[in-house]
Amino acid sequence: MSDLKAEGRAEHLRRVRERESVILSPLGGAGIDARAMAVLRPAEADRRRLVSEALRAPSRAKAIVWLHKAADRLGNAVASEVACRRGCDACCHLDVLVSQAEAELIGRAIDRKPVAAPAGAVPVGRDLDQPPDVAVRHYGSPCPFLQSGACSIYRDRPLMCRLNASFDSDALLCQIVPGATISVPYVDASIEKAIYHAKVAAGGLVADLRDWFPAGKQEERKHGH
């Protein structure tokens, strides 16, 4: 994440607002929609098949596996049109909601148990129109798995990380500016998110990834090492 010096904040925000005025204009929005449609349409059948498998999955863990595949298909489809590039870690400083079932799946993959009672955890109801009211706790703070500007658990990263991508030309709008609200043209992943809520998170707990796996806490390995 870029460190904005005090003297550079005003200039950065000027550029941000200028970019926003373009992407939020009718012409700019139409251009983003056209680019999105061009790359998403060929992947539509695969996405629907994969999310359908998630819906039919017999367990939360298996549903997560199918949703990860759907998210990866989406990511591959938009890769040529999004701002996300290796070395950009802006989104690694955002809150990342993870269900208990997914935290346990990640824990098994990385040989580390998530904590039993994560700070800030909230229960998730089954009504899609009432998402969990989760406080923003870590905005601007690096993910504990961010190492040297890259994700150290990339293969096993959460669904929300896989779905986070911007249809902008670069990461200008992704940069964290404390106290500023910035519009980012994120890829529409509402289908995958809705199924995650209904099939994986509902009836359980969600918390930020950092709270499932706190930095600085001695890691508890599966085998007691």
Side-chain angles (χ1 to χ4, degrees), residues 1-20 23-24 71 75 82-100 102-103 106-107 110 114-115 117-125 130-154 156-190 192-194 196-197 200-201 204-217:
M1 182 182 67
S2 298
D3 252 347
L4 288 178
K5 303 294 184 183
E7 63 272 17
R9 177 186 168 95
E11 172 60 19
H12 179 81
L13 281 176
R14 183 195 67 76
R15 293 172 56 224
V16 164
R17 301 310 179 202
E18 186 177 80
R19 178 74 60 81
E20 283 181 322
I23 67 170
L24 294 176
V82 295
C84 310
R85 296 289 183 272
R86 186 174 182 83
C88 176
D89 61 6
C91 63
C92 302
H93 295 75
L94 301 175
D95 285 55
V96 180
L97 283 186
V98 176
S99 71
Q100 183 173 357
E102 188 174 23
I106 292 170
I110 66 174
V115 299
V122 299
V124 181
Q130 294 185 346
D133 185 14
V134 184
V136 175
R137 293 167 46 82
H138 301 286
Y139 183 80
S141 299
C143 173
F145 297 111
L146 180 64
Q147 297 180 6
S148 302
C151 177
S152 62
I153 62 165
Y154 187 81
D156 304 301
R157 69 199 187 283
L159 179 71
M160 296 308 162
C161 297
R162 296 166 192 260
L163 295 175
N164 201 31
S166 166
F167 264 125
D168 204 4
S169 57
D170 57 33
L172 173 67
L173 300 182
C174 300
Q175 301 305 309
I176 301 292
V177 182
T181 300
I182 300 173
S183 298
V184 182
Y186 287 118
V187 171
D188 181 8
S190 54
E192 288 84 355
K193 290 178 180 179
Y196 184 82
H197 180 146
V200 177
L205 295 176
V206 293
D208 190 88
L209 180 66
R210 299 164 182 79
D211 294 317
W212 288 114
F213 301 98
K217 179 181 174 63

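We count residues from 1, following the sequence as given.
Closest approach of Ser183 to Leu173, counting heavy atoms only: O-CD1, 3.3 Å. Residues Leu172 and Asp170 come closest through the heavy atom pair N-OD1, 3.0 Å. Closest non-hydrogen pair, Glu102 versus Arg157, comes out as OE2-O, 4.4 Å. Nearest heavy-atom pair across Ala119 and Ala207 is O-CB, 4.3 Å. The minimum heavy-atom distance between Val96 and Asp208, with the atom names listed, is N-OD1, 2.6 Å. Closest approach of Val134 to Gly120, counting heavy atoms only: CG1-O, 4.4 Å.
Rounded to the nearest 0.5 Å, atoms OG (Ser169) and CD1 (Ile23) are 9.5 Å apart. Between the CZ atom in Arg19 and the CG atom in Asp168 there is a gap of 4.5 Å [rounded to 0.5 Å]. Taking SG of Cys143 as the reference point, atom CZ of Phe213 lies at 10.0 Å (rounded to 0.5 Å). Note: Leu146 CG to Asp89 CG = 5.0 Å, rounded to the nearest 0.5 Å. With values rounded to the nearest 0.5 angstrom, Arg210 atom CZ is found 10.0 Å from Arg137 atom CZ. The CG atom of Leu97 lies 11.5 Å from the NE2 atom of His197; values are rounded to the nearest 0.5 Å.
The side-chain heavy atoms of Glu20 and Ile182, taken from C-beta on, include a pair separated by under 4.5 Å. Here the side chains of Leu94 and Ile176 are in contact, with some heavy-atom distance below 4.5 Å. Between Val16 and Val177, every side-chain heavy-atom pair lies at or beyond the 4.5 Å cut-off. Annotation: side chain of Phe145 is in contact with side chain of Leu209 (closest heavy-atom distance under 4.5 Å).
Arg162 places no side-chain N or O within donor-acceptor distance of the main-chain N or O of Leu159, the cut-off being under 3.5 Å.
For the side chain to side chain contact (heavy atoms under 4.5 Å, CB included) criterion with Arg15, the lone passing option out of Glu18, Arg17, His12 is His12. Just one of Pro144, Pro158, Pro118, Ser99 meets the side chain to side chain contact (heavy atoms under 4.5 Å, CB included) condition when paired with Trp212; it is Pro118.
Annotation: Arg86, atom CZ; neighbour count of heavy atoms from other residues, nucleotides and ligands within 6.0 Å does not exceed 12. Residue Tyr139 places its OH atom among more than 12 non-hydrogen atoms of other residues, nucleotides or ligands, all under 6.0 Å distant.
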